[in-house]
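Below: one structure, written as structure tokens.
When reading the values below, keep in mind they use all heavy atoms of this one structure, side chains included, and skip hydrogens, waters and symmetry mates.
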Amino acid sequence: FFFSSRRRHTRCSGVSWARRCVQETELIHHVKGNNDQNIGEFQFTIAELQVGKREFNVKTHKSKATCTCSLDIYSLEQRPEFIDYIRGGTQISLVTAIDFTGSNGIPSRPDSLHALLQNSQLNQYQAAIQAVGEILLNYDHDKMVPVYGFGAKPRFPNLSLPQVSHCFPLTGDPSNVEVFGLQGIMDVYRFAQQQVELAGPTYFNPLIVEAVKLCKQIKDQNLDIYTILLILTDGAIHDMQATIDTICDAAFLPLSIIIIGVGTGDFSSMEILDGDEGLYNSQGKIASRDLVQFVPFSQFKNDPFQLASNVLEEIPDQVVQYYHLIGQKPNEPIHNDLNNFGLNQQSAIPQNAYSTVNYQQPNSYDNQGNLNPSQAPNQQFQPINDIFSQLLNITDKEQPTGQQKRSAFGPQSTMPQMAGYQAPTFGTGGQFGFNQGGQSLSLIHI
């Protein structure tokens with residue numbers, strides 16, 4: 001016999017809601033090799049279990065007669081939520097990878113997904129990088145992003161290979177793979193367009209192996225950083241089983257993978273990797289958790305709210321599942337007073353961030369890297385703010401503190417990381433701020 005429990009929704013909240021919420025539980029007789037037989041159902045509340053009630057009448061489906069179900073052991077476990085880890089200091093780090101295989105089309109042709117367009121027009125990869133990067137970088141703790149390419153022959157001045165590489169830095173410098181913020185990603189992509197020879201086939205496994213190495217470094221340094229690998233690709237992959245095996249092995253590492261489908265190619269293999277029903281490795285073992293999310297960019301590119309919703313949909317659960325799997329509870333939230341932070345105490349732009357062609361600091365910074373308090377937030381991306389608010393549901397003043405952290409991928413930086421008094425507000429360019437008493441306080445800007 002086993003139980004299948006579901007909760008009846010009630011108009012309750014907080015502790016009262018948890019105690020009074022009615023659990024409708026089915027009692028099922030399982031016979032190996034045959035269909036399960038539903039015997040009946042019974043109801044109980046947490047409050048009843050807490051006062052010692054252990055026997056419940058089971059209403060059968062075939063007759064009005066009832067039987068009794070006795071519970072021998074009862075325990076109540078409070079499972080942390082995503083916001084609990086964020087408040088406890090867990091940080092997010094973004095890694096980006098871009099598909100340069102030949103199936104994207106010759107860049108000199110206007111119908112190529114990598115088309116070299118003029119007059120500030122964006123090709124489909126640039127549009128996807130800008131839209132999705134805007135969303136994910138709002139979470140990134142230091143805005144330093146390793147950016148890789150795959151499926152091409154690198155022809156950089158300091159990195160030129162005769163064979164196809166399935167994981168190479170778009171900076172062209174293996175010793176410096178990071179760029180700063182969204183503009184850095186856009187710049188280094190534009191730079192790399194003219195430094196690579198599109199080839200193939202499409203392999204994901206080398207990218208994921210590289211991300212796994214970074215995550216292992218994080219764990220070895222006891223850093224509370226969760227990595228999101230963003231892969232932008234145009235279609236099918238050719239190392240499916242190796243990719244699945246590596247994903248399954250990565251379940252015990254702080255890693256999620258978001259795959260963005262660019263163009264209108266065949267994304268059936270991406271749907272398989274998404275694996276909401278479970279991924280099985282080559283030995284037939286199912287992955288311990290889900291860590292892949294696939295989003296077809298073309299379906300949501302004209303709807304920022306739906307794009308943000310789909311990109312972020314599974315991240316909170318995946319983060320919680322990972323920490324639950326390794327048995328790590330969130331740290332205690334650290335109390336902060338916004339009065340301790342002045343408007344000029346901002347995170348400075350890292351001076352050694354990689355730059356391609358004439359990279360300029362954002363206009364909201366002065367020459368010393370200090371935020372200009374007169375720069376008003378732009379509310380163009382308010383839907384992203386709405387999504388963030390729904391996911392985190394931040395309503396109180398117990399927030400993580402700004403503290404000195406060392407990124408696994410970049411330089412040391414001081415960043416006040418507070419999930420604000422009310423809903424965070426985001427502006428174009430990745431402005432991350434909070435409202436207090438009608439006054440806008442910008443903490444980070446990229």
Task: With sequence neighbours excluded, residues passing ring-ring contact (aromatic ring centres under 6.0 Å, His included) with Tyr125 - done: His114
Open item on the list: Donor-acceptor check, side chain of Thr90 to backbone of Ile86, threshold 3.5 angstrom: yes or no?
Closed with: no
- [ ] Sorted by first residue and then second, give each side-chain hydrogen bond (donor to acceptor under 3.5 Å, both in side chains) pair with at least one member in residues 151-161; sequence neighbours left out.
- [x] Arg155-Glu197
Open item on the list: According to ring-ring contact (aromatic ring centres under 6.0 Å, His included), does anything in residues 238-281 pair up with another residue at least two apart or in another chain? List the pairs.
Closed with: Phe267-Phe294
Please set out all donor-acceptor pairs under 3.5 angstrom arising from side-chain atoms of residues 199-209, sequence neighbours excluded.
{"residue": "Asn205", "atom": "OD1", "partner": "Thr246", "partner atom": "OG1", "Å": "2.4"}

Task: Residues that Tyr323 engages under ring-ring contact (aromatic ring centres under 6.0 Å, His included), provided they are two or more places apart - done: Tyr85
Open item on the list: List the residues meeting salt bridge (charged side-chain N to carboxylate O under 4.0 Å, His left out) with Arg190, not counting sequence neighbours, and say none if there are none.
Closed with: none
Task: Qualifying residues under ring-ring contact (aromatic ring centres under 6.0 Å, His included), relative to Tyr148, sequence neighbours excluded - done: none
Task: Pairing residues for Phe156 by the ring-ring contact (aromatic ring centres under 6.0 Å, His included) criterion, not counting sequence neighbours - done: Phe191
Open item on the list: Show every side-chain hydrogen bond (donor to acceptor under 3.5 Å, both in side chains) that has at least one partner inside residues 253-270, sequence neighbours left out.
Closed with: Tyr226-Ser256, Ser256-Gln318, Asp266-Ser268
Task: Leu273 side chain near Met240 side chain, heavy-atom distance below 4.5 Å - done: yes
Open item on the list: Asp220: which residues meet the salt bridge (charged side-chain N to carboxylate O under 4.0 Å, His left out) condition with it, sequence neighbours left out?
Closed with: none
Task: side-chain contact (heavy atoms from CB on, under 4.5 Å) partners of Lys216, counting only residues at least two apart - done: Val212, Leu253
Task: Which residues share a salt bridge (charged side-chain N to carboxylate O under 4.0 Å, His left out) with Arg109, sequence neighbours left out - done: Asp111
